[in-house]
Novice: 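First the structure, then my questions, so here it is.
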2 protein chains.
Amino acid sequence: MSAPSDGPILDRLIHEPGRLAIMTVLSTVESADFVFLQRATGLTKGNLSSHLTRLAEAELVTIEKRFVHRKPNTNVALTATGRLRIAQHWDRLDSLRNFSTQSPSE
Amino acid sequence: MSAPSDGPILDRLIHEPGRLAIMTVLSTVESADFVFLQRATGLTKGNLSSHLTRLAEAELVTIEKRFVHRKPNTNVALTATGRLRIAQHWDRLDSLRNFSTQSPSE
DNA sequence: CGCACCAAGTTTGTACCGCAAACCTGTTTG
DNA sequence: CAAACAGGTTTGCGGTACAAACTTGGTGCG
């Protein structure tokens with residue numbers, strides 16, 4: 001048996017709270033560094049790091065590692081795809097919320 | 001500065017796509033039966049069943065099992081708590097989305 | 001009757017994954 | 001030199017969402 005019609009599929013990759021926060025924050029800026037993202041999202045270093053890795057693997061963000069003042073500095077930005085996908089995701093959440101979908105019976 | 005995620009908590013119990021759909025649909029009606037929920041959310045029987053069980057264990061919904069026309073009929077409704085929690089969840093999503101921009105450190 | 005099939009759910013097996021904690025690597029400080 | 005620190009990364013494990021198998025009762029039908 002299969003899903004009849006996977007209606008408003010919410011992509012778990014983006015929907016995940018930590019990544020939803022990351023993506024949403026990134027959507028408001030051109031780029032942000034690791035420490036800024038950590039503060040903005042409240043994630044721990046470890047979790048931020050692994051979420052960023054996943055997002056980069058999915059090509060939703062790009063990661064650039066530099067040294068600034070002899071310290072490592074990781075700069076993150078949404079890709080064009082990423083920008084699209086986070087916008088779409090919020091759209092889907094909107095339509096789920098408004099749930100104006102077809103009502104079969106009763 | 002307060003992290004925008006001062007209450008960083010998006011409750012995963014509710015945030016989970018399947019359950020978010022269930023709760024949201026339920027918030028628009030007084031009650032709904034299993035089959036209606038299945039159609040409305042696009043979930044399979046199995047997943048709908050287990051999500052409902054979890055929600056009931058958390059006392060976010062009540063489940064009543066009856067027989068209608070000699071067929072089992074499972075009726076589901078939000079508890080008062082459930083109604084509150086789903087509303088709160090959407091509020092949190094809103095504030096995440098509106099993420100009052102702070103000056104990027106860079 | 002006996003048997004097949006359906007509808008409405010429930011249970012189960014497992015593969016995935018988020019989280020915290022341990023670890024790494026280079027820099028400044030005493 | 002050692003020790004503390006900043007900025008990340010890797011690892012171990014506990015929880016869980018999903019699909020598939022199973023259950024339970026009803027209904028045709030020959």
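Every chain is numbered from 1, with letters handed out A, B, ... down the list of sequences.
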Novice: If the cut-off is 4.0 Å, is A:H69 near the phosphate of D:dA6, judged by side-chain N/O to OP1 or OP2?
Specialist: no

Novice: Please state how far atom CG in B:N73 lies from atom P in D:dG26, giving the value in whole angstrom units.
Specialist: 14 Å

Novice: Within the structure, does a side-chain N or O atom of A:R54 lie under 4.0 Å from either OP1 or OP2 of C:dC17?
Specialist: yes

Novice: Write down the distance between CG (B:N47) and P (D:dA21), rounded to a whole number of angstrom.
Specialist: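 Computing the B:N47:CG to D:dA21:P distance gives 14 Å.
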
Novice: Report the C-alpha distance between B:W90 and B:T24 in whole Å, list the side-chain angles of each, state the deciding distance to 0.1 Å, and finish with yes or no for side chain to side chain donor-acceptor pair (under 3.5 Å).
Specialist: CA-CA 9 Å; B:W90 281 113; B:T24 301; 3.2 Å; yes

Novice: With sugar-phosphate meaning primed atoms plus P, OP1 and OP2, does A:K71 contact a base, only sugar-phosphate, or nothing at under 4.0 Å between heavy atoms?
Specialist: sugar-phosphate

Novice: If I take atom CG in residue A:L48 and atom P in nucleotide D:dA6, what distance separates them, rounded to the nearest angstrom?
Specialist: 17 Å

Novice: Could you check which of D:dG8, D:dA17, D:dT10 has an atom nearest any side-chain atom of A:V35?
Specialist: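 Per side-chain heavy atoms of A:V35, the pick is D:dG8.
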
Novice: Is the side chain of B:T74 donor-acceptor paired with the backbone N or O of B:K65 at a distance under 3.5 Å, no angle test?
Specialist: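 Answer holds: no.
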
Novice: Using modelled atom types and a 3.5 Å cut-off, is there a donor and acceptor pairing between side-chain atoms of A:T41 and backbone atoms of A:L37?
Specialist: yes

Novice: For D:dG25, does either OP1 or OP2 sit under 4.0 Å from a side-chain N or O belonging to B:K65?
Specialist: no

Novice: Which residue, B:D33, B:I22, B:L48, B:N47, forms the side-chain contact (heavy atoms from CB on, under 4.5 Å) with B:Q38?
Specialist: B:L48

Novice: Do the side chain of A:R83 and the main chain of A:S27 share a donor and acceptor less than 3.5 angstrom apart?
Specialist: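 Judged by distance alone, yes, a pair lies under 3.5 Å.
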
Novice: Can you figure out which of C:dC19, C:dT27, C:dG9 approaches the side chain of A:H51 most closely?
Specialist: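 Per side-chain heavy atoms of A:H51, the pick is C:dC19.
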
Novice: Between B:S49 and C:dT10, is there a side-chain N or O to OP1/OP2 distance below 4.0 Å?
Specialist: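 Yes, such a contact exists.
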
Novice: So, is A:R12 near the phosphate of C:dG18, with a side-chain N or O under 4.0 Å from OP1 or OP2?
Specialist: no

Novice: Stepwise, does the side chain to side chain contact (heavy atoms under 4.5 Å, CB included) test hold for B:T62 with B:V76?
Specialist: CA-CA 6 Å; B:T62 54; B:V76 185; over 6 Å; no

Novice: What is the separation between atom NE2 on B:H15 and atom C1' on C:dG18, rounded to the nearest whole Å?
Specialist: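 Atom-to-atom, B:H15 to C:dG18, this comes out as 13 Å.
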
Novice: B:E59: what forms a salt bridge (charged side-chain N to carboxylate O under 4.0 Å, His left out) with it, not counting sequence neighbours?
Specialist: none

Novice: Once you round it to whole Å, what is the distance between C1' of D:dC22 and NZ of B:K45?
Specialist: 12 Å

Novice: Take the protein atom CG of A:L52 and the nucleotide atom C1' of D:dG7, then report the distance between them rounded to whole Å.
Specialist: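 A:L52 atom CG is separated from D:dG7 atom C1' by 13 Å.
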
Novice: Can you tell me how far C1' of D:dG7 sits from CG of A:L43, to the nearest Å?
Specialist: 16 Å

Novice: What does the inter-axis angle of the helix from C:dC1-D:dG30 to C:dG30-D:dC1 come out as, five pairs per end, nearest 10 degrees?
Specialist: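 Both end axes considered, the difference amounts to 10°.
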
Novice: Just say parallel, tilted or perpendicular for the rings of A:H15 and B:H15, cut-offs at 30° and 60°.
Specialist: parallel

Novice: Does B:E16 reach a base, just sugar-phosphate, or nothing at all? Heavy atoms under 4.0 Å.
Specialist: sugar-phosphate

Novice: For B:F67 and A:T74, take the nucleotide of DNA chain D holding the closest heavy atom to each; which residue's nucleotide lies nearer the 5' end?
Specialist: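 Checking each residue's closest nucleotide, the 5'-ward one belongs to A:T74.
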
Novice: If you assign A:T44 and B:T53 each to the DNA chain C nucleotide with the nearest heavy atom, which residue ends up on the more 5' nucleotide?
Specialist: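 Mapping each residue to its closest nucleotide by heavy atoms, the 5'-most match is B:T53.
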
